[in-house]
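Please read the structure below before turning to the comments.
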Amino acid sequence: FPETENYYFFAMWFSSFGGSSGTAKYDREIDLDAPVPYPTCDDMLKKAGYIPLRLNPRQRKGQRIIAACVGVSDYTDKVDTPELAKNEQKRSRQMLVATQSTLQGIQIAGDADSGLRALVRETTFSDSEEYFQTFLELARRYKIMNPDLMRSEYPKFIYMVQDSLKEEIQEQFGFSIRSEIVTVRDVLEAAKKLDMLDDFLLKVGTTPVPKLEPLKELNKALRRKDLTVKALLKKYVTRDFPEELCELCIRSIDDANCYVRDNAATVEDMITLLKLYFKPNKIEKGLELGISEGKDGSRLTHDHEKQWKFVLQSLTLWRNVARDMFKLWHMVEQDLLDENQPVQFKDTGQGFNRVQQSKRVFAAMTEIVEITKKEVGEWIGSDRVHIGDNQVPNGMLFIDKYTQVNRIINPILRTLVAIDKDICNPKVDNGMKEYVHKIFGGQEQLKRMILCDFFKHGFDGSGGDNMMDAGSCIDGRLTSAWNWCQNIKSKPYYPIFLLSGFSSFDGEF
């Protein structure tokens, strides 16, 4: 919550200061080998194979060039059109021309001399094979590390890379622009430093520090994490494994752990609210979760207890997906760029889309569903995973849906916090508390109303174009939640969202 966050970030800022004799004495009192008062992130040996290496400053410049070039490109507008769907040969020709234009722009922006030489045909694309492979890999790696960024550029970019793998285009270029994503494990394996992944110091140095109290303990934990990173550098840096590269590996794992922790924690907070305000075997006045098919847009029929369990298992599934997000991203890219997986461009009933089977992602998602089943016990609804069909045409659209979970849940959580902290703050006499009491019966009743409506109609099987596309399947649960988001303006509590600073579920909050 906001007060706690200010407290937390103040401690982080305070812990960054050092250099005095008092600080040096304080550092010597910290035992780096002692157990920490919170769980550490384990299984580094397994996770590191899916965590991309953070870009260095020089590489970030290259990534920005690619993002800018792809940002102004209209690649998919030219290639993915209903007219070209009927003429594959003409579509392939358009792919070649559009890809060549984009690559020339990237080459000129990144290296003007070589780009101009290629433009006047002094050199060919194949002469710059390594340049293109390295440059394009930077953008792919950056996207995986930052799923919320490059949201409009990435689909065009990855589809262009996918098309470049067509045999006729590779023949024209003389090489493939695809290369493997550089992961932390790849770097450590090449440097013969895989033993670092089993080091207790790495677990401490890459685990996000929770909000400890009192301030002294939080400050100590943050300072210990800084000292642990320094100890790791001192222990593993060699002539063949320089300090900059070693620190990039450590920071990359830390970045990934922070992202997973934040996204999983958001869903966990919603699970906590479900269990706090609602009980499966007890219906309180105004908190009935039961839904009926055909009523208020619902396409499922659940009594209160069944709906409570359905919401719990759906949120638990989303949390487990968040925990495996980097693994799923890695497999999505492998499936999208698998030359043995054919791509069909066809009308799926939701417009024209690229339809491609994603065997790796399907297997990983099926495993997550099975883990969730064991965790929640009873499974309600369908356990079917849609991918490579009309509902979810390909892996890119699949992973994009699950990166949106936080965009659905965070505005709700922040609105609930704002009701207590800002809107109904007893220290501020702005008339809003009286408004909430008069219209909604009080701030607690208002929070319960919002949660009850979300738990009912954010998980009611609605949102599909027809009855076959809606329901209780794995994908349908997210479709229902987005449908609830789209109808937020019709809710009686929508003014409360606006008062809390809400703009949209798809924008910045």
Side-chain angles (χ1 to χ4, degrees), residues 1-5 7-9 36-43 47 147-148 203 206-213 218 221 254-280 287 289 307-329 365 367-380 399 401-421 447-448 450-456 458-459 474 477-478 480-482 484-485 505 509:
F1 295 136
E3 291 91 344
T4 310
E5 288 176 3
Y7 171 83
Y8 177 66
F9 289 117
V36 292
Y38 50 86
T40 57
C41 297
D42 298 325
D43 297 328
K47 293 178 181 177
D148 287 333
K203 296 178 182 180
T206 59
T207 295
V209 177
K211 297 166 185 176
L212 302 174
E213 293 185 4
L218 177 58
D254 190 30
D255 290 344
N257 286 337
C258 287
Y259 176 84
V260 169
R261 189 275 308 266
D262 291 344
N263 283 266
T266 297
V267 186
E268 191 64 50
D269 287 344
M270 190 59 80
I271 292 175
T272 300
L273 291 172
L274 172 68
K275 294 178 177 179
L276 177 65
Y277 286 104
F278 304 88
K279 307 300 177 186
L287 298 179
L289 297 179
Q307 181 68 3
W308 188 91
K309 291 179 179 179
F310 183 70
V311 174
L312 175 63
Q313 69 183 30
S314 301
L315 291 172
T316 304
L317 175 69
W318 296 353
R319 184 201 62 199
N320 291 342
V321 168
R323 289 175 174 172
D324 264 350
M325 185 57 71
F326 285 97
K327 177 181 177 181
L328 290 170
W329 260 112
M365 192 63 188
E367 182 181 353
I368 293 173
V369 172
E370 291 303 315
I371 291 172
T372 305
K373 283 182 178 180
K374 293 178 182 177
E375 187 174 348
V376 299
E378 179 184 3
W379 188 260
I380 295 170
I399 200 70
K401 290 174 76 76
Y402 283 95
T403 56
Q404 311 280 331
V405 169
N406 264 22
R407 294 179 178 271
I408 297 172
I409 295 180
N410 262 330
I412 303 173
L413 295 177
R414 294 183 181 181
T415 298
L416 297 176
V417 172
I419 290 172
D420 290 332
K421 179 180 178 292
K447 290 191 289 185
R448 289 167 185 251
I450 294 171
L451 288 170
C452 185
D453 189 61
F454 176 64
F455 292 146
K456 287 177 68 172
F459 300 85
I474 302 303
R477 300 164 195 244
L478 262 176
S480 298
W482 267 118
W484 179 87
C485 294
F505 287 98
F509 196 93

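Just the heavy atoms: all of them, side chains too, but no hydrogens, waters or symmetry mates, feed the values below.
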Is the shortest side-chain heavy-atom distance between P208 and C41 below 4.5 Å? yes
Rounded to the nearest 0.5 Å, what separation is found between the OH atom of Y259 and the OG1 atom of T403? 6.0 Å
is_close_aromatic(W318, F459), centroid dist under 6.0 Å: yes
The side-chain contact (heavy atoms from CB on, under 4.5 Å) partner of T266 among V405, I408, L413, I412 is L413
Quick one: side chains of residues 320-328, donor-acceptor pairs under 3.5 Å with protein atoms, not counting sequence neighbours, listed by atom name and distance.
| from | atom 1 | to | atom 2 | distance (Å) |
| --- | --- | --- | --- | --- |
| N320 | ND2 | T316 | O | 3.4 |
| N320 | ND2 | T372 | OG1 | 3.0 |
| N320 | ND2 | E375 | OE1 | 3.3 |

What's the separation between atom CG in L289 and atom CZ in F455, rounded to the nearest 0.5 Å? 8.0 Å
Any side-chain heavy atom of Q313 sitting closer than 4.5 Å to one from I380? yes
In this structure, CD of Q404 is separated from CZ of F505 (nearest 0.5 Å) by 12.5 Å
Quick one: are K447 and L273 in side-chain contact, heavy atoms under 4.5 Å? no
Are the side chains of N406 and D148 in contact, using a 4.5 Å heavy-atom criterion? no
Looking at residues at least two apart in the chain, or sitting in another chain, which of them share a salt bridge (charged side-chain N to carboxylate O under 4.0 Å, His left out) with K203? D42
E268 side chain to R319 backbone, donor-acceptor under 3.5 Å: no
Kindly compute the distance separating CD1 (I368) from NZ (K373), expressed to the nearest 0.5 Å. 13.5 Å
Looking only at heavy atoms, the pair that brings L315 and I409 closest together is CD2-CD1, 4.3 Å
Residues A221 and L212: closest non-hydrogen pair is CB-CD1, 3.7 Å
Closest heavy-atom contact between W308 and P280? CE3-CB, 3.6 Å
Distance (rounded to the nearest 0.5 Å) between I399 CD1 and W329 CH2: 6.0 Å
Non-hydrogen side-chain atoms of V311 and F278 separated by less than 4.5 Å: no
For the residue pair L451 and M270, establish whether any side-chain heavy-atom pair is separated by less than 4.5 Å. yes
Distance (rounded to the nearest 0.5 Å) between N410 CG and T415 OG1: 10.0 Å
Residues in side-chain hydrogen bond (donor to acceptor under 3.5 Å, both in side chains) contact with S314, at least two apart in sequence or another chain: R477
